[in-house]
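Inspection log for the structure reproduced underneath, given as C-alpha cells.
Predicted, not measured: the structure shown is a model, and the values here were computed from it. Side chains are part of it too, since the values below use all heavy atoms of this structure and drop only hydrogens, waters and symmetry mates.
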Amino acid sequence: AGSGPGPPPLQCPLPPAGGGAGSGPGPPPLQCPLPPAGGGAGSGPGPLPLPPPRSPLPPPPPPAMDRWAWASRLLDMTETLVIQQRGVRLYDGDDKTKFDSGSLLLTTHRLLWKDQKTSDCCISLPLWQIVFFEEQAAGIGKSAKIIIHLQAAAPNKDPGPYQSSKYSFIKLSFREHGQIEFYRRLAEELSQKRWERISVPQPVPAGRSQPGRVKAVGIVGIERKLEEKRKETDKNISEAFEDLSKLMKKAKEMVDLSKSIANKIKEKQGDISEDETIRFKSYLLSMGIADPVTRETHGSGTHYHMQLAKQLVAMLHAPLEEQGGMMALTEVYCLTNRARGMELLSPEDLVNACKMFE
C-alpha cells in the first residue's frame, strides 16, 4: 500500500468487453487502420487509399538466335544451292556466339550454317522469317557484316541451339570476304520467293493411304528419288540417241545413193558427156565418198595409210586447184570427214596418210 501510485495501465486498441461509464477516463484508444466489422458512421477513419496502378512494361523484342534450328548437312529434294561462302561467324544481335567459323549456304529455301571443324554441327534458318537486311561496312580490325532482322518464329519450330535471346536481329560476319556477292544473291532470292512456288505434298492422315503411292521416308525416300531422276535421264538420253540414229540412217541412205550414181556413170561412160561427168563427180564429193577406206576393209598399219593416201589424193585434187595448190591441214581434216559421212577419220590417221604423199 505504501509503494505509491504506479504508471497508468496500457490501453488495448479495442474497447474492453462490457466496459461501463464508471471505469474512469483513460487515454484515447488507438485506431485500427481497418474498419471494424459492421462499422457505421462513428467507427473511425476508413481504409488508406491504394497506390495508383503502374503502367505496363513494353513487351521485350522477339529473340533472334532461337530462330535457328538443328538441321542435316544435306539439302532437301525441293531446294537448290544458290551460293556458298566460307569463314562466316554468327552474331546474336551484337553478341558473339559459339558458331565461330563455318560455311554459310544460301539455298532457295533457307540459310544453312555448317561448322568447318565439327561435321555434325549444322543449323538452318528459313528465308520467310527475314523481314529485311542491311550491310555493315568493315572497319579497322572488323570484318564486313550483313545484319538480318527477323520476325517471330513459328510455334511448331524444330529445336535449336538457343531457347531465348534479347535481340531481334542477327549478324553474319564475313571474315574471308564474299559479302557483296552473298548480299546480292540473298536479295534476289527474297524478291523471287522461290520457296513459295514449289508445291509441298499434303500429309496423308493416319490410317489412310493413297492408292498407288508409297510414302518415302529417310534414306529410302532419297534413294527412290535418285532412282527416279536416273530413269528420267536415261529416257532423255535414249530419245536423243533415237534422233541421232535417224540422222545416221539418213546419212547412210545418201552414201548408198552416191554409190548408185557412181555405178551409173561407169555403166554409161559413153552416153554421158565429160561436162556432165565432172558435174556428177562434184555432186558426189559434196554428198560424200562413195567407198571410204576404213580399217575394217583395208586392215591397219602401212597398207591402210597407203590406201587412205590414194583416196585423199583423188578427193583433194579439185579443192587444191581451187585453193591455188595449198590447203591448211585443218581444212583438209574438216573436208575429209565431211565427205566420209559416218566413217570419221582421226587426226593421227590423216597426218600419217599425208606423210605418204610423194
**Request:** Mind running salt bridge (Lys or Arg N to Asp or Glu O under 4.0 Å) on Glu181 and Arg184 for me, showing each step along the way?
**Result:** CA-CA 5 Å; Glu181 181 64 16; Arg184 185 181 69 83; 2.5 Å; yes

**Message:** With a 4.5 Å cut-off on side-chain heavy atoms, are Leu150 and Phe133 touching?
**Reply:** no

**Request:** Measure the shortest side-chain to side-chain distance between Trp70 and Ser124 over non-hydrogen atoms and say whether it is less than 4.5 angstrom.
**Result:** no

**Request:** With the side chain counted from C-beta on, respond yes when Leu112 and Leu81 share a heavy-atom pair under 4.5 Å apart, and no when they do not.
**Result:** no

**Complete:** Here the gap from Thr78 atom OG1 to Arg197 atom CZ, rounded to the nearest 0.5 Å, amounts to 13.0 Å

**Request:** Using the six-membered ring wherever Trp is involved, compare the ring planes of Phe99 and Trp113 and label them parallel, tilted or perpendicular (cut-offs 30° and 60°).
**Result:** perpendicular

**Prompt:** What distance separates Cys121 SG from Arg73 CZ, expressed to the nearest 0.5 Å?
**Reply:** 8.0 Å

**Request:** Using the side-chain contact (heavy atoms from CB on, under 4.5 Å) rule, take Tyr304 and Asp349 through it: C-alpha gap first, then chi angles, then the decisive distance, then the call.
**Result:** CA-CA 9 Å; Tyr304 165 69; Asp349 289 339; 3.8 Å; yes

**Complete:** Heavy atoms of Gly87 and Ser101 approach each other most closely as CA-OG, 4.4 Å

**Request:** Would you give the length of the straight line joining atom NZ of Lys355 to atom NE2 of His305, rounded to the nearest 0.5 angstrom?
**Result:** 9.5 Å

**Message:** Quick check: do Glu189 and Leu106 have side-chain heavy atoms less than 4.5 Å from each other?
**Reply:** yes

**Item:** Same apolar cluster (I L V M F W Y, side chains within < 4.5 Å links), Leu125/Ile83
**Value:** yes

**Asked** With the threshold set at 4.0 Å, does a side-chain nitrogen-carboxylate oxygen contact exist between Lys229 and Glu232?
**Response** no

**Request:** Please answer whether the main-chain N or O of Ser143 pairs with a side-chain N or O of Lys145 as donor and acceptor at a distance below 3.5 Å.
**Result:** yes

**Request:** Would you name the heavy atoms of Gln85 and His177 that are closest together and state the gap between them?
**Result:** NE2-O, 3.0 Å

**Verify same cluster id: Phe357, Tyr333 (apolar side-chain graph, 4.5 Å)** = yes

**Item:** In one Ile/Leu/Val/Met/Phe/Trp/Tyr side-chain cluster, 4.5 Å: Trp195, Trp68
**Value:** yes

**Asked** Is it true that Asp92 and Lys166 make a salt bridge, defined as a side-chain N closer than 4.0 Å to a carboxylate O?
**Response** no

**Item:** Where Ile146 and Gln179 come nearest, the two heavy atoms and their spacing
**Value:** CD1-O, 3.9 Å

**Message:** Could you report the tightest heavy-atom contact between Met327 and Val332, atom names first, then the distance?
**Reply:** CB-CG2, 4.0 Å

**Request:** Heavy atoms only: give me the nearest Leu127-Thr107 pair and the separation to one decimal.
**Result:** CD1-O, 3.6 Å

**Message:** Same cluster or not: Leu329 versus Leu345, using hydrophobic residues (I, L, V, M, F, W, Y) connected whenever any side-chain heavy atoms lie under 4.5 Å apart?
**Reply:** yes

**Item:** Linked, directly or transitively: Leu111 and Leu75 (ILVMFWY side chains, under 4.5 Å)
**Value:** no

**Request:** First locate atom CG of Leu350, then atom CG of Leu312, and finally report the distance between them rounded to the nearest 0.5 Å.
**Result:** 6.0 Å

**Asked** Minimum heavy-atom separation for Ala353 to Ala309, with atom names?
**Response** O-CB, 3.3 Å

**Request:** Identify whether the distance between the nearest side-chain nitrogen and carboxylate oxygen of Arg185 and Glu188 falls below 4.0 Å.
**Result:** yes

**Message:** Quick check: do Arg110 and Asp76 have side-chain heavy atoms less than 4.5 Å from each other?
**Reply:** yes

**Asked** Do Met356 and Thr302 touch side chain to side chain, with heavy atoms closer than 4.5 Å?
**Response** yes

**Asked** Just checking, is any N or O donor in the side chain of Tyr167 or Asp95 under 3.5 Å from an acceptor N or O on the other one?
**Response** yes

**Prompt:** With a 4.0 Å cut-off, would you call Glu227 and Arg230 a salt bridge?
**Reply:** yes

**Prompt:** Side chains of Leu90 and Ile170: does their closest heavy-atom pair fall under 4.5 Å?
**Reply:** no

**Gap between atom OG of Ser173 and atom CG of Leu104 - 0.5 Å precision** = 11.0 Å

**Item:** Any Val82 side-chain heavy atom under 4.5 Å of Arg194 side chain
**Value:** yes

**Ser103 (side chain) donor-acceptor with Lys114 (main chain) under 3.5 angstrom** = no

**Message:** Can you tell me how far apart NE2 (His109) and CD (Glu196) are? Round to the nearest 0.5 Å.
**Reply:** 10.0 Å

**Prompt:** Should Asp100 and Arg175 count as an ion pair when the cut-off is N to O under 4.0 Å?
**Reply:** yes

**Item:** Neighbour count >12 (heavy atoms, 6.0 Å) for atom CD1, Ile180
**Value:** no

